[in-house]
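See below for the structure under consideration.
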Amino acid sequence: MRREGVPPDLVSFNALLGACAVAGDVRRALETLRQLRASGHTPDVVTFTSLIKAYGKAGLVEGSEAVFEAMQFPRTAASRTGAQPGGTGMPPAGEGTDAHVAAAR
């Protein structure tokens, strides 16, 4: 898309996140989320559902729970802008439960 001068929209990013979820590729999913936000898009329920699936498929239940919790509670301005580790506003792959919940809020 980008080579042809067509910027990806939210639907395109969510499709890529869905593929990451099927593969259980959390690192790529988080990078896609970073790119989505850098492109000026706002994650939606499809975005977060795909992240939950990616963490689950990878066996990282704590990550899935952290994303779910982030959907449940108001988030800080820092997390909405992606000012968390990795620039995604979501917990890094494979880190402890407490870190996931704290980073996701």
* Structure fact -> The complete set of ring-ring contact (aromatic ring centres under 6.0 Å, His included) pairs with one or both residues in residues 19-45, sequence neighbours excluded, reads Phe13-His41

* Structure fact -> Here the ring-ring contact (aromatic ring centres under 6.0 Å, His included) pairs for residues 15-39, sequence neighbours left out, are none

* Set of residues satisfying side-chain hydrogen bond (donor to acceptor under 3.5 Å, both in side chains) with respect to Ser50, sequence neighbours excluded ->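 Expected list: none.
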
* Asked: Mind checking what makes side-chain hydrogen bond (donor to acceptor under 3.5 Å, both in side chains) contact with Ser12, not counting sequence neighbours?
  ->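 Checked Ser12 against side-chain hydrogen bond (donor to acceptor under 3.5 Å, both in side chains); matches are Asp9.
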
* Asked: Yes or no on side chain to side chain contact (heavy atoms under 4.5 Å, CB included) for Leu17 and Lys53, after CA distance, side-chain angles and deciding distance?
  -> CA-CA 10 Å; Leu17 279 166; Lys53 287 179 183 177; over 6 Å; no

Quick one: side chain to side chain contact (heavy atoms under 4.5 Å, CB included) partners of [X], sequence neighbours excluded?
| X | answer |
| --- | --- |
| Lys57 | none |
| Asp25 | Ala23, Arg27, Arg28 |
| Ala54 | Ala21, Val26, Ala29 |

* Val46 and Val11: side chain to side chain contact (heavy atoms under 4.5 Å, CB included), yes or no, with the steps? -> CA-CA 9 Å; Val46 174; Val11 173; over 6 Å; no

* Of all the heavy-atom pairs spanning Ser64 and Tyr55, show the shortest one and how long it is. => OG-CB, 3.2 Å

* **Closest heavy-atom pair and its distance - Leu33, Pro43** =>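 Leu33 and Pro43 have their closest heavy atoms at CD1-CG, 3.8 Å.
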
* Mind checking whether Leu16 and Leu51 sit in one hydrophobic cluster, side chains of I, L, V, M, F, W, Y counted as touching below 4.5 Å? -> no

* side chain to side chain contact (heavy atoms under 4.5 Å, CB included) assessment of Leu10 paired with Thr47 -> CA-CA 9 Å; Leu10 182 60; Thr47 308; 4.0 Å; yes

